[in-house]
Amino acid sequence: MNHWLLKTEPGAFSILDLEAAPDRTAPWDGVRNYQARNMLRDAMKLGDRVLFYHSVTDPGVVGLAEVVREGYPDHTAWDEGHEHFDARSTPDRPLWFMVDIRLVERFASPLALKFLRTVPDLANMELLRKGSRLSVQPVRTREFEVILDLAHGADRGGRE
DNA sequence: GCCAACGTTGGC
DNA sequence: GCCAACGTTGGC
């Protein structure tokens, strides 16, 4: 069982959009980066858990989701006129892939990036690395658990 | 808006 | 294959 973090600009697709989707499930489409593509296509497995991260405005981890469908071709790349159209990708030879995720929970209080930077157990997290841009990132099990504990209010003494 | 970090493109 | 130029991401 692997753990992941998915990054999105809430202006494009936010956790509220996922929450409002039928069955709280939506395709994670539009990724156009090869490293991220490889993880979507090959490494993310059914039942894997995923941290949902908002970038740019109020950056932070805002919820938990799970993979409910493994990698399959991102058909938005075939759609001329679609924002993420890419003529190099075809149904015969798809270039880009996506997974479906379902929302498990939206955190009552999001964990701000600037707070996460203060947590010693997260010091080596990819998200916190300077210049980290990957929109699909693996998360170590330990880091994942620490974040869930923080989101659930464990070890908050004196901080609120 | 600034700018550092990163990925991609394309000339050679 | 190298690498400069360029475009994008994303924190601040």
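Letters go in sequence order (proteins before strands), and every chain restarts at 1. Side chains included, hydrogens not; waters and symmetry mates left out as well; all remaining heavy atoms used.
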Over how many whole Å does the gap from [X] atom [atom1] to [N] atom [atom2] extend?
X	N	atom1	atom2	value
A/Arg133	C/dT8	CZ	C1'	6 Å
A/Tyr34	B/dG7	OH	P	13 Å
A/Leu127	B/dA5	CG	C1'	15 Å
A/Gln137	C/dT9	CD	C1'	12 Å
A/Leu5	C/dG10	CG	P	11 Å
A/Leu134	B/dT8	CG	P	10 Å
A/Asp86	B/dT8	CG	C1'	12 Å
A/Leu6	C/dG10	CG	P	12 Å

Checking contacts here: which listed nucleotide ([options]) is nearest the side-chain heavy atoms of [X]?
X	options	result
A/Pro59	C/dT8, C/dG10, C/dG11	C/dG11
A/Leu113	B/dA5, B/dT8, C/dC12	C/dC12
A/Glu9	C/dG10, B/dG7, B/dA4	C/dG10
A/Lys130	C/dG11, B/dA5, B/dT8	B/dA5
A/Lys7	C/dG10, C/dC12, B/dT9	C/dG10
A/Val56	C/dT8, C/dG10, B/dT9	C/dG10

task = Name the orientation class of the two ring planes belonging to A/Trp28 and A/Phe52 (parallel below 30°, tilted from 30 to 60°, perpendicular beyond 60°).
result =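 Judged by the thresholds at 30° and 60°, the geometry between A/Trp28 and A/Phe52 is perpendicular.
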query = With under 30° as parallel and over 60° as perpendicular, where do the rings of A/His152 and A/Phe107 fit, or are they tilted in between?
reply = perpendicular
message = It should be established whether A/Arg129 places a side-chain nitrogen or oxygen under 4.0 Å from OP1 or OP2 of nucleotide B/dC6.
response = yes
inquiry  = Please classify the nucleic acid contact of A/Arg32 as base, sugar-phosphate, or nothing, using heavy-atom distances under 4.0 Å.
reply    =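 Contact class for A/Arg32: none.
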query = So which of A/Val99, A/Leu40, A/Leu5, A/Val50 actually passes side chain to side chain contact (heavy atoms under 4.5 Å, CB included) with A/Val136?
reply = A/Leu40
key: Sole candidate of A/Arg37, A/Arg41, A/Arg32 that passes side-chain hydrogen bond (donor to acceptor under 3.5 Å, both in side chains) when paired with A/Asp74   = A/Arg32
inquiry  = Has A/Ser132 got a side-chain atom pairing as donor or acceptor with A/Glu126's backbone, closer than 3.5 angstrom?
reply    = yes
